[in-house]
Structures are given as C-alpha cells and as structure tokens.
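One structure below.
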Amino acid sequence: MERIVLAADLGGTNLRMAAVNTNGEILYRSKVRTPSSGSRSDVIAAILTAARECMTKVEGDFAFAAFGAAVPAIVNSKEGIILRSPNLPELNGMEFSKVFSEALELPVILENDANSATVGENWLGAAVNIQNFIMVTLGTGVGGGIMVNGELLRGPDGTAGEVGHIAVEPDGHPCGCGSNGCLEQYASATAISRTASELIPVFPESSLHSDLDITPLDVYNAGLNGDALSIEVFRRVGRYLGIALGGLINVLNPEAIVIGGGAAAGWDLFIESLEREISYRAFQQPAERVRLRRSVLGDDAGLIGVARLASEAVIGQSRISQVRG
C-alpha cells in the first residue's frame with residue numbers, strides 16, 4: 001500500500017486540500033472559501049471537513065502517513081504552534097499540530113505558507129537546482145521565503161523571510177502586523193483592489209467606475225484592455241516590489257527571485273516597473289545576476305512544498321523523488 005500525505009494550504013481567502021504522493025503528484029484536490037467569520041472553530045471545522053473528504057476520496061490503495069499544513073503565519077514549526085497570523089488573527093497562539101493530530105490521528109507538520117511554496121518551487125518548480133533564491137507570494141497578503149545553500153532560512157524565532165512586512169512607506173497604510181506601510185499593503189491582491197478604489201477620482205474615464213466592488217481580477221482584466229487606472233495600479237505594485245526586493249538583493253545576493261501567488265497573474269503589467277526599480281536600487285552586479293522568474297507551480301506551490309516537508313519528516317527523504325518523473 002502506497003504511503004501518501006494529506007496537504008493543506010490555508011490562505012486568507014481560500015483553503016486548498018490535496019492528497020499528494022512522494023513524487024509530488026496530486027491525486028485528489030479540493031478548494032473552498034476560508035471562513036470569514038473570525039471564529040477559530042469555524043476555520044478548524046472547514047479544515048477537518050476538507051481533510052476528511054480528501055482522505056475518503058483516495059482510500060483503498062493508499063495509506064495517509066502525515067498531514068502537512070501551510071498557513072499564512074509566523075509559526076513555531078518544531079512545536080506546531082501558530083504564533084501570529086495577521087490575516088487570520090483568530091488562529092494566533094493556536095496549538096495547530098496538537099488539534100489536528102488528535103482529530104485526524106496523523107502526525108502533523110506545520111509550516112509558513114511562503115516557506116512551503118519556496119520548498120515546492122525548489123523541488124518541482126521554477127527554482128529546481130537553485131541553491132540560493134527568494135520566493136515572494138502575492139496573495140491576500142505578501143509572503144516570502146528564503147533558500148540559502150539549499151536550506152530554508154527560518155531564523156531563531158521562525159520569522160525569517162517575512163518579505164511582506166518590509167516597510168516601503170514608513171507612514172503608510174496600517175498593516176495587520178501592527179506596523180505601517182508594509183509591502184503587503186501595496187503589492188497584495190487586497191492592496192490592488194484598495195489602490196484601484198483610491199485612484200478612481202483621478203481617472204474618471206476608467207472602466208472600473210462601473211464596478212461597485214472592485215476585485216483584483218477586475219483590475220487585471222481592465223489593465224489588459226489598456227485601462228489607464230489599472231496600468232497605474234500595477235505600475236505601483238511593481239515599484240513597491242522593486243523597493244523591497246532591491247534591498248534584499250543587496251543583502252542576500254540571490255541567484256533568483258521567484259514570484260507566485262494569485263496576484264502574480266499581473267506579471268506582464270508589473271514586471272517592467274519591478275525591473276526598473278531593482279536596477280535603480282540594487283548594486284549593478286547582483287541586480288544583473290538575479291533571475292526574475294514567475295512561479296511554475298502556481299497555486300499548487302504551497303501544497304506541494306508542505307507535502308514534501310511532511311513526506312521527508314515521516315516517510316523519509318530516501319523515498320522521495322528528487323525530480324519530476
């Protein structure tokens with residue numbers, strides 16, 4: 001009987017669940033909205049419902065060996081505790097691994113979502129065989145992961161890689177982390193909608209005037225059609241990303257930067273502005289060296305990455321394929 005893992009990617013907007021084998025193949029997947037009630041019990045219930053559905057769908061020739069969960073939070077991965085989650089504050093302080101190991105009767109591996117995506121892209125995505133790179137995820141918030149010499153950089157407190165909480169406007173919009181002007185407030189999907197709404201008075205001819213509730217997809221589609229407001233929104237996204245990443249290039253001298261998450265769909269609308277800002281702010285040689293890459297795994301990066309971590313921890317690294325079959 002083949003041993004596989006259950007993998008979850010909990011986002012501020014969506015919860016993804018999958019059964020994943022040791023080759024990184026997704027055998028079954030589901031996707032539901034993350035509960036927005038602000039209730040911890042509602043989030044727990046949603047995860048358990050999705051997990052049990054997934055386990056039921058692939059029962060038979062497979063045995064689940066572990067549950068890996070990627071969450072948008074600062075975590076103590078060793079103890080399985082969510083320390084702080086700016087976008088899901090109801091989970092702050094939760095003994096995540098204990099709750100779900102008891103409910104699902106499986107070992108639980110807890111990891112930050114962007115760290116998980118970093119592992120996924122390094123295993124089967126845009127950063128295969130790259131030992132030193134930065135991962136940036138543009139979703140409801142902005143996450144980040146850093147790979148140094150082939151290992152995740154976590155730091156003694158588990159907070160390394162929090163790219164989204166680099167201040168790019170010191171007196172800017174308040175952030176859920178308690179600071180102001182974080183990159184997350186200017187380059188996330190949430191920020192795209194907010195910036196578009198703020199700019200409507202400046203662009204009276206924009207097609208977005210007809211939208212009562214502007215979504216990131218609305219802004220993206222309008223941008224593809226040449227809407228000046230939308231183009232300005234994504235220019236700002238690229239500029240703020242460039243400010244943050246230019247500084248990180250100077251500090252870390254990475255081989256590559258991989259950009260993923262739902263808002264990375266706007267790549268063609270923000271990449272020119274991003275490259276220009278990096279060229280302006282980073283030292284010439286590392287700026288010319290770094291390769292900017294769009295995620296290959298897309299929304300699956302976190303699932304595949306945390307599945308890899310869970311498989312390594314429970315099944316054993318020797319059983320895991322190193323390259324896509």
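Nothing here was measured: the structure is a model prediction, and the numbers come from that model. Residue numbers count from 1 along this sequence. All values below come from the heavy atoms of this structure, side chains included, with hydrogens, waters and symmetry mates left out.
- Cluster annotation: Leu241 and Ile192 are assigned to the same hydrophobic cluster (Ile/Leu/Val/Met/Phe/Trp/Tyr, side-chain heavy-atom contacts under 4.5 Å, transitive).
- At a threshold of 4.0 Å, the pair Glu53-Lys57 does not count as salt-bridged, since none of the basic side-chain nitrogens sits closer than that to a carboxylate oxygen.
- Side-chain atoms of Thr190 and Thr140 form no donor-acceptor pair, as typed in the model, at a separation below 3.5 Å.
- If you take CD on Glu105 and CZ on Phe67, they are separated by 14.5 Å, rounding to the nearest 0.5 Å.
- A salt bridge links Glu111 and Arg154; the closest N-O separation between the charged side-chain nitrogens and carboxylate oxygens is under 4.0 Å.
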Inset, instruction - Report the C-alpha distance between Asp218 and Thr215 in whole Å, list the side-chain angles of each, state the deciding distance to 0.1 Å, and finish with yes or no for side chain to side chain donor-acceptor pair (under 3.5 Å). - result: CA-CA 5 Å; Asp218 293 332; Thr215 69; 3.0 Å; yes
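- Checking side-chain atoms of Asn180 against main-chain N and O of Gly172 turns up a donor-acceptor pair under 3.5 Å.
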Inset, instruction - Carefully, step by step, assess Ile81 and Leu83 under the rule side chain to side chain contact (heavy atoms under 4.5 Å, CB included). - result: CA-CA 6 Å; Ile81 299 172; Leu83 302 177; 4.1 Å; yes
Inset, instruction - Report the C-alpha distance between Leu27 and Asn21 in whole Å, list the side-chain angles of each, state the deciding distance to 0.1 Å, and finish with yes or no for side chain to side chain contact (heavy atoms under 4.5 Å, CB included). - result: CA-CA 7 Å; Leu27 307 175; Asn21 70 14; 4.1 Å; yes
Inset, instruction - Please step through side chain to side chain donor-acceptor pair (under 3.5 Å) for the pair Ser206 and Asp227, ending with a clear verdict. - result: CA-CA 6 Å; Ser206 172; Asp227 183 86; 3.0 Å; yes
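- Take Glu272 and apply the salt bridge (charged side-chain N to carboxylate O under 4.0 Å, His left out) test, not counting sequence neighbours, and it matches Arg276.
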Inset, instruction - Would you please test Ile257 and Arg293 for side chain to side chain contact (heavy atoms under 4.5 Å, CB included) and show each step? - result: CA-CA 6 Å; Ile257 296 172; Arg293 295 184 171 183; over 6 Å; no
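- Contact check on Arg16 versus Asp300 returns no salt bridge, with no Lys/Arg side-chain nitrogen under 4.0 Å from an Asp/Glu carboxylate oxygen.
- A donor-acceptor contact closer than 3.5 angstrom is absent between the side chains of Asn92 and Ser85.
- Residue pairs that meet the ring-ring contact (aromatic ring centres under 6.0 Å, His included) test with at least one member in residues 171-220, sequence neighbours left out, are His173-Tyr186, Tyr186-Tyr240.
- With no hydrogens or angles considered, no side-chain donor-acceptor pair links Asn149 and Gln131 at under 3.5 Å.
- Side-chain contact check for Glu90 and Ser39: no donor-acceptor pair (N or O, by modelled atom type) lies under 3.5 Å.
- Pairs engaging residues 6-44 under the ring-ring contact (aromatic ring centres under 6.0 Å, His included) rule: none recorded [sequence neighbours left out].
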Inset, instruction - Would you check, one step at a time, whether the test side chain to side chain contact (heavy atoms under 4.5 Å, CB included) holds for Leu252 with Phe133? - result: CA-CA 9 Å; Leu252 296 170; Phe133 73 98; over 6 Å; no
